[in-house]
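Structure first, then comments.
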Amino acid sequence: MDFSQFNDAERNHLQRVMEQKQMKDFLKLYSGLVERCFTDCVNDFTSKALTSKEEGCVQKCADKFLKHSERVGQRFAEANAEMMK
Amino acid sequence: MDFSQFNDAERNHLQRVMEQKQMKDFLKLYSGLVERCFTDCVNDFTSKALTSKEEGCVQKCADKFLKHSERVGQRFAEANAEMMK
Amino acid sequence: MDFSQFNDAERNHLQRVMEQKQMKDFLKLYSGLVERCFTDCVNDFTSKALTSKEEGCVQKCADKFLKHSERVGQRFAEANAEMMK
Amino acid sequence: MSFFMNNAANQSVNMQNMAMAEQELEMVSDLFNRIVSSCHQKCIPKTYIEGELNKGEAVCIDRCVAKFFEVNKSVGTKLQQMSGAGLPM
Amino acid sequence: MSFFMNNAANQSVNMQNMAMAEQELEMVSDLFNRIVSSCHQKCIPKTYIEGELNKGEAVCIDRCVAKFFEVNKSVGTKLQQMSGAGLPM
Amino acid sequence: MSFFMNNAANQSVNMQNMAMAEQELEMVSDLFNRIVSSCHQKCIPKTYIEGELNKGEAVCIDRCVAKFFEVNKSVGTKLQQMSGAGLPM
């Protein structure tokens with residue numbers, strides 16, 4: 001998106017909108033990650049506490065998802081730049 | 001959430017917000033329950049009308065989900081209270 | 001819904017609301033169709049470009065979904081009219 | 001739904017009515033989208049041999065929409081009985 | 001949560017507070033809905049033999065809610081460490 | 001995207017432009033989120049042996065993003081041809 005078409009007041013407005021959106025996206029990332037790693041890692045309901053295997057799986061699942069999301073971000077930016085040409 | 005930090009006008013405002021939210025949540029519960037029990041119970045498309053087996057399954061599926069949701073609500077409240085300590 | 005209960009100003013307002021909603025629904029149809037046909041048709045990641053088989057599958061998947069959605073629309077309108085009687 | 005945009009200017013818009021009308025429109029379109037997705041799941045195999053609907057798929061869709069409405073009604077009745085609330089069903 | 005609707009009229013509503021409170025309400029209800037759907041997936045078979053919860057399902061639900069909270073906490077800690085941001089966790 | 005907050009005070013904000021810009025931001029972030037979830041489904045096995053991406057997963061992600069953009073373009077072209085509408089594609 002080309003920001004030069006907007007005046008300063010409009011750019012301030014968009015800046016605030018994007019900050020709110022970043023906060024909302026962060027909360028969505030958080031709740032999505034909890035649900036995804038719970039679904040993929042927790043399957044033993046013979047006790048109330050996470051087993052060490054489950055805890056380890058949750059940590060790796062979260063790390064892997066964040067690395068995945070980061071790499072998609074890089075390819076996404078490149079592909080978008082390509083389209084803008 | 002600690003409501004004592006708000007004045008009466010603010011509490012009225014939040015009360016109205018929560019009433020609207022409860023209405024919206026009820027409609028989400030309803031449409032979610034219809035979709036879930038249709039998916040789980042209805043698989044026979046040799047006729048246009050629900051078979052008695054399908055109708056029975058839908059009733060039990062809805063009852064079971066509401067009982068499930070109620071029990072989660074109890075454990076959820078206890079866990080939240082635990083966290084507030 | 002019975003529109004006769006509204007005055008012209010209200011009908012104008014609803015008309016604008018519905019036009020915005022139609023635009024939003026069209027964008028949802030578009031993004032949902034991309035995701036659905038990608039999931040159902042693209043499974044070969046040995047190269048960066050769509051295979052002709054995948055490209056063909058995406059076209060048919062999109063056509064089929066639009067035809068499906070159109071037919072549901074007809075039956076939906078009939079069922080709704082039935083309920084209004 | 002034909003609209004006459006003539007002497008709208010001097011009439012007031014009752015926002016309460018508009019909110020109710022918008023909510024009903026939202027509910028009808030939500031129901032439609034759920035039927036499209038559920039009946040696609042039940043009636044359309046993912047092999048996509050051709051873009052047209054074949055006979056079996058068409059008949060399945062018709063029956064699927066009818067059955068979805070039945071389930072919608074019976075779950076609605078159950079919730080209304082339980083909550084006693086007047087629901088815009 | 002009891003409310004006293006007495007001299008509210010002459011008090012002002014701080015919209016900033018209201019937005020924060022509404023966001024927190026939204027987060028709590030989102031967490032609840034995700035636990036309901038995840039624990040239904042894990043604990044309730046789709047055979048629906050009867051409408052009541054049997055012993056096994058009830059015990060599974062209790063443990064499932066407890067474990068979900070644990071995962072919620074450990075992922076929250078990880079994200080806070082990484083971003084260093086103060087999160088309304 | 002650098003912003004200069006200098007003489008903003010005396011300028012007016014054209015809400016029509018803002019709504020369009022916000023919708024475009026919404027569409028870009030929705031596309032990104034759908035690619036993240038679709039390519040996680042296609043490229044990341046759920047065994048989670050380690051937290052890092054291995055070679056195969058990384059290569060799969062790169063190809064998956066490229067293919068998703070291709071599908072996005074071809075479905076977009078189809079819908080534009082059908083509706084004849086100018087779409088903020």
Side-chain angles (χ1 to χ4, degrees), chain C residues 1-22 24-26 28-29 32-33 35-43 53-84, chain D residues 1-15 17-41 43-54 57-70 72-73 88-89:
Chain C
M1 181 151 69
D2 162 16
F3 281 86
S4 60
Q5 60 183 311
F6 300 123
N7 65 36
D8 296 326
E10 288 172 337
R11 279 198 285 255
N12 288 359
H13 174 81
L14 279 179
Q15 172 90 2
R16 267 191 311 284
V17 163
M18 287 166 71
E19 271 151 26
Q20 272 158 2
K21 202 165 151 25
Q22 256 148 14
K24 242 179 82 181
D25 288 348
F26 190 85
K28 266 196 209 150
L29 167 71
L33 203 48
E35 191 168 12
R36 176 187 295 280
C37 294
F38 180 82
T39 302
D40 292 350
C41 293
V42 180
N43 291 301
K53 185 167 155 287
E54 286 171 337
E55 177 53 39
C57 174
V58 165
Q59 296 297 324
K60 287 178 207 132
C61 163
D63 288 338
K64 183 86 86 171
F65 184 85
L66 293 170
K67 293 278 183 349
H68 163 74
S69 185
E70 202 190 327
R71 191 174 186 106
V72 169
Q74 287 148 6
R75 297 296 89 78
F76 187 83
E78 288 156 18
N80 254 332
E82 198 55 37
M83 284 209 297
M84 295 294 178
Chain D
M1 288 175 283
S2 71
F3 293 99
F4 307 100
M5 333 280 187
N6 39 40
N7 57 4
N10 50 22
Q11 292 164 334
S12 72
V13 176
N14 172 326
M15 283 319 280
N17 281 356
M18 293 300 98
M20 287 287 290
E22 279 172 54
Q23 194 185 2
E24 206 185 309
L25 281 174
E26 201 48 49
M27 270 176 58
V28 170
S29 112
D30 177 67
L31 178 61
F32 172 71
N33 289 324
R34 286 174 187 269
I35 296 180
V36 167
S37 117
S38 293
C39 290
H40 190 273
Q41 186 64 35
C43 295
I44 310 292
K46 303 218 186 307
T47 43
Y48 302 124
I49 297 151
E50 6 85 287
E52 297 300 320
L53 291 178
N54 62 43
E57 288 163 346
V59 166
C60 177
I61 292 169
D62 298 347
R63 292 170 177 165
C64 182
V65 175
K67 288 200 171 196
F68 200 100
F69 269 93
E70 268 195 77
N72 192 49
K73 215 173 98 195
M89 220 39 72

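Protein chains get the first letters and strands the later ones, always in sequence-line order, with residue 1 at the start of each.
Atom CD of D:Gln41 has 12 or fewer heavy atoms from other residues, nucleotides or ligands within 6.0 Å. D:Lys46 NZ: more than 12 foreign heavy atoms inside a 6.0 Å radius.
Smallest separation of non-hydrogen atoms from D:Asn54 and C:Lys64: N-NZ, 4.5 Å. Nearest heavy-atom pair, C:Ser69 versus D:Val36, reported as atom, atom and distance to 0.1 Å: OG-CG2, 4.1 Å. C:Asn7 and D:Ser12 get closest at one heavy-atom pair: ND2-O, 3.0 Å.
Heavy atoms of D:Leu31 lying under 4.5 Å from chain C belong to its backbone as well as its side chain. In this structure, the portion of C:Cys41 lying under 4.5 Å from any heavy atom of chain D is its side chain and not its backbone. Heavy atoms of C:Lys21 lying under 4.5 Å from chain D belong exclusively to its side chain. D:Ile44 touches chain C through its side chain: at least one heavy atom from C-beta onward sits under 4.5 Å away, while N, CA, C and O do not. Only the side chain of D:Ser29 comes within less than 4.5 Å of a heavy atom in chain C; its backbone stays farther off. Proximity to chain C (any heavy atom under 4.5 Å) is restricted, for D:Glu24, to the side chain, taken from C-beta onward. For a residue to count as touching a neighbouring chain, one of its non-hydrogen atoms must lie under 4.5 Å from one of that chain's; by this rule D:Ala58 touches chain C with backbone and side chain alike.
Atom CD of residue D:Glu52 and atom NZ of residue C:Lys60 lie 12.0 Å apart, to the nearest 0.5 angstrom. D:Asn17 CG to C:His13 NE2: the interatomic distance, rounded to the nearest 0.5 Å, is 10.5 Å. If you take NZ on C:Lys28 and CG on D:Asn33, they are separated by 6.5 Å, rounding to the nearest 0.5 Å. Atom SG of C:Cys61 sits about 3.5 Å away from atom OH of D:Tyr48, to the nearest 0.5 Å.
Note on C:Asn80, C:Asp63, C:Val72: by heavy-atom pairs under 4.5 Å with chain D, the leading option is C:Val72. For the options C:Arg36, C:Gln59, C:Gln74, heavy-atom pairs under 4.5 Å to chain D are most numerous at C:Arg36.
In this structure a side-chain-to-backbone donor-acceptor pair under 3.5 Å is missing from C:His68 to D:Leu53.
Residues D:Glu57 and C:Arg71 are not paired through a salt bridge, judged by the lack of any N-O separation under 4.0 Å between the basic side chain and the carboxylate.
Contact of the C:Arg11 side chain with the D:Gln11 side chain is not registered, since no non-hydrogen atoms from C-beta on lie closer than 4.5 Å. Looking at C:Glu10 and D:Met18, their side chains come closer than 4.5 Å, going by heavy atoms from C-beta outward.
Ring-plane geometry between C:Phe76 and D:Phe69 is classed as tilted, the angle between the planes lying from 30 to 60 degrees on a 0 to 90 degree scale.
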